[in-house]
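Heads up, the thing below is written out as structure tokens.
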Amino acid sequence: MSKFCSIFFSIIISVFGVACSNSNNTESTIVKIKQYIETNNSDSLKNLHDSIKNDANLCESIIKQTKDSSELIQSATIAIATTPQKAAQITIDELLSMSPDNRSNAISLVKNINKWCNMLYENGTYTKSLDSIANRLDLEKQVQLYTLVSDPKDLAYKVKHETNKQELIKAIEKQYNNNNELLAEFHNALK
């Protein structure tokens with residue numbers, strides 16, 4: 001076997017070893033998260049958070065592995081594996097990928113991530129980050145988020161007090177276009 005082949009196989013083996021090591025670390029971290037959640041061990045969750053939040057590859061791997069888990073595990077993992085700012089970005093991305101019919105799931109996801117972030121950080125850091133990210137989105141995406149996490153009555157009340165009220169109303173009507181019930185509820189609340 002040539003020297004080149006030996007080097008090539010050494011590289012493949014070392015890359016495979018790193019991948020397996022990362023996979024084992026991901027799995028063991030997920031097991032710990034689940035265990036600490038089940039036993040309501042907030043101190044251990046905080047310590048685990050501190051030990052993994054700066055390892056971008058591990059954080060991404062953990063979040064990816066738990067994406068299809070229960071909402072409790074998914075929301076806890078997002079908060080525990082990241083910073084509030086990163087958790088907010090993941091939340092916004094997730095919400096924008098949801099259909100308008102998933103309103104209760106969207107609200108629940110935000111509330112659960114907020115609960116876990118409040119355990120780890122100063123209260124409000126996550127929600128401030130959500131607001132900051134949402135405010136940088138174009139109007140259509142903002143309205144998509146607002147219609148997903150607010151009921152039409154609350155949304156109408158908030159719109160009444162905005163300077164760009166007419167623009168918001170048109171965007172909300174477009175978002176509610178396929179749901180006459182929500183659209184009627186929104187219009188009735190605007191009166």
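The structure presented is a predicted model; accordingly, all values stated were derived computationally and were not measured.
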Candidate pair T91 and Y126, rule side chain to side chain donor-acceptor pair (under 3.5 Å), full reasoning | CA-CA 10 Å; T91 303; Y126 168 72; 2.7 Å; yes

For I92 and L137, what are the C-alpha separation, side-chain angles and deciding distance, and is it a side chain to side chain contact (heavy atoms under 4.5 Å, CB included)?
-> CA-CA 10 Å; I92 296 283; L137 296 172; 4.1 Å; yes

Determine, stepwise, if the pair T26 / I30 fulfils side chain to side chain contact (heavy atoms under 4.5 Å, CB included).
-> CA-CA 6 Å; T26 298; I30 292 170; 3.8 Å; yes

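Rounded to the nearest 0.5 angstrom, K111 NZ and I107 CD1 are separated by 6.5 Å. The distance from the CD atom of Q65 to the CG atom of L58 is 10.5 Å, given to the nearest 0.5 Å. Note: E181 CD to N179 CG = 6.0 Å, rounded to the nearest 0.5 Å. Taken to the nearest 0.5 Å, the OG atom of S75 stands 10.5 Å off from the CG atom of N114. In this structure, the separation between CG on L182 and CD1 on I172 is 11.5 Å, given to the nearest 0.5 Å. In this structure, the separation between SG on C117 and CG on N112 is 11.0 Å, given to the nearest 0.5 Å.
In the hydrophobic clustering of ILVMFWY residues, with side-chain heavy atoms under 4.5 Å counting as a link, V110 and M98 come out together. The hydrophobic clustering, which links ILVMFWY residues whose side-chain heavy atoms are closer than 4.5 Å, places L109 and M119 apart. Linking Ile, Leu, Val, Met, Phe, Trp and Tyr residues whenever their side-chain heavy atoms come within less than 4.5 Å leaves L168 and Y157 in two separate clusters. In terms of hydrophobic clustering, with Ile, Leu, Val, Met, Phe, Trp and Tyr side chains grouped at heavy-atom distances under 4.5 Å, W116 and I63 are assigned to different clusters. Residue L72 is not grouped with residue I78 when hydrophobic side chains (ILVMFWY) are merged at heavy-atom distances under 4.5 angstrom, including chains of intermediate members.
Without hydrogens or angle criteria, D154 side chain to S150 main chain gives no donor-acceptor distance under 3.5 Å. The backbone N or O of S44 lies less than 3.5 Å from a partner atom in the side chain of N41, making a donor-acceptor pair. Side chain of D138 to backbone of K141: a donor-acceptor contact under 3.5 angstrom is found. Q175 places no side-chain N or O within donor-acceptor distance of the main-chain N or O of T147, the cut-off being under 3.5 Å. With hydrogens and angles ignored, the 3.5 Å screen pairs a side-chain donor or acceptor of T77 with a backbone N or O of I73. Of the possible polar contacts, one joining the K160 side chain to the A189 backbone as a donor-acceptor pair under 3.5 Å is found. Using a distance-only test at 3.5 Å, with no hydrogens or angles considered, no donor-acceptor pair links the side chain of S108 to the main chain of S104. Counting only distance, with no hydrogens or angles, the side chain of T66 and the backbone of I62 share a donor-acceptor pair below 3.5 Å. A donor-acceptor pair under 3.5 Å is formed between the side chain of Q144 and the backbone N or O of L96. Judged by distance alone, with hydrogens and angles left aside, the side-chain atoms of Q142 form a donor-acceptor pair with the main-chain N or O of A134 at under 3.5 Å.
For L148 against A106, the heavy-atom pair with the smallest separation is CG-CB, 3.5 Å. Between I113 and A87, the shortest heavy-atom distance links the atoms CG2-CB, 4.2 Å. When all heavy atoms of L139 and N164 are compared, the closest pair comes out as CD1-ND2, 4.5 Å.
For H187 and Y176, the ring centers are positioned 6.0 Å apart or more.
Under the 4.5 Å side-chain criterion, counting only non-hydrogen atoms from C-beta, L120 is in contact with K46. Within the 4.5 Å cutoff, no side-chain heavy atoms of K174 are placed close to those of V143. In this structure, R103 and D151 have side chains that are in contact, with non-hydrogen atoms separated by less than 4.5 Å. Contact check for E167 versus E162: no side-chain heavy atoms found under the 4.5 Å cut-off.
Between H49 and Y121, the side chains place a donor N or O and an acceptor N or O closer than 3.5 Å (distance only, hydrogens not considered). For Q89 and D93, the side-chain atoms include at least one donor-acceptor pair closer than 3.5 Å.
A 6.0 Å sphere centred on NZ of K115 holds more than 12 heavy atoms belonging to other residues, nucleotides or ligands. Atom CD of E60 sits in a sparse spot, with 12 or fewer heavy atoms from other residues, nucleotides or ligands closer than 6.0 Å.
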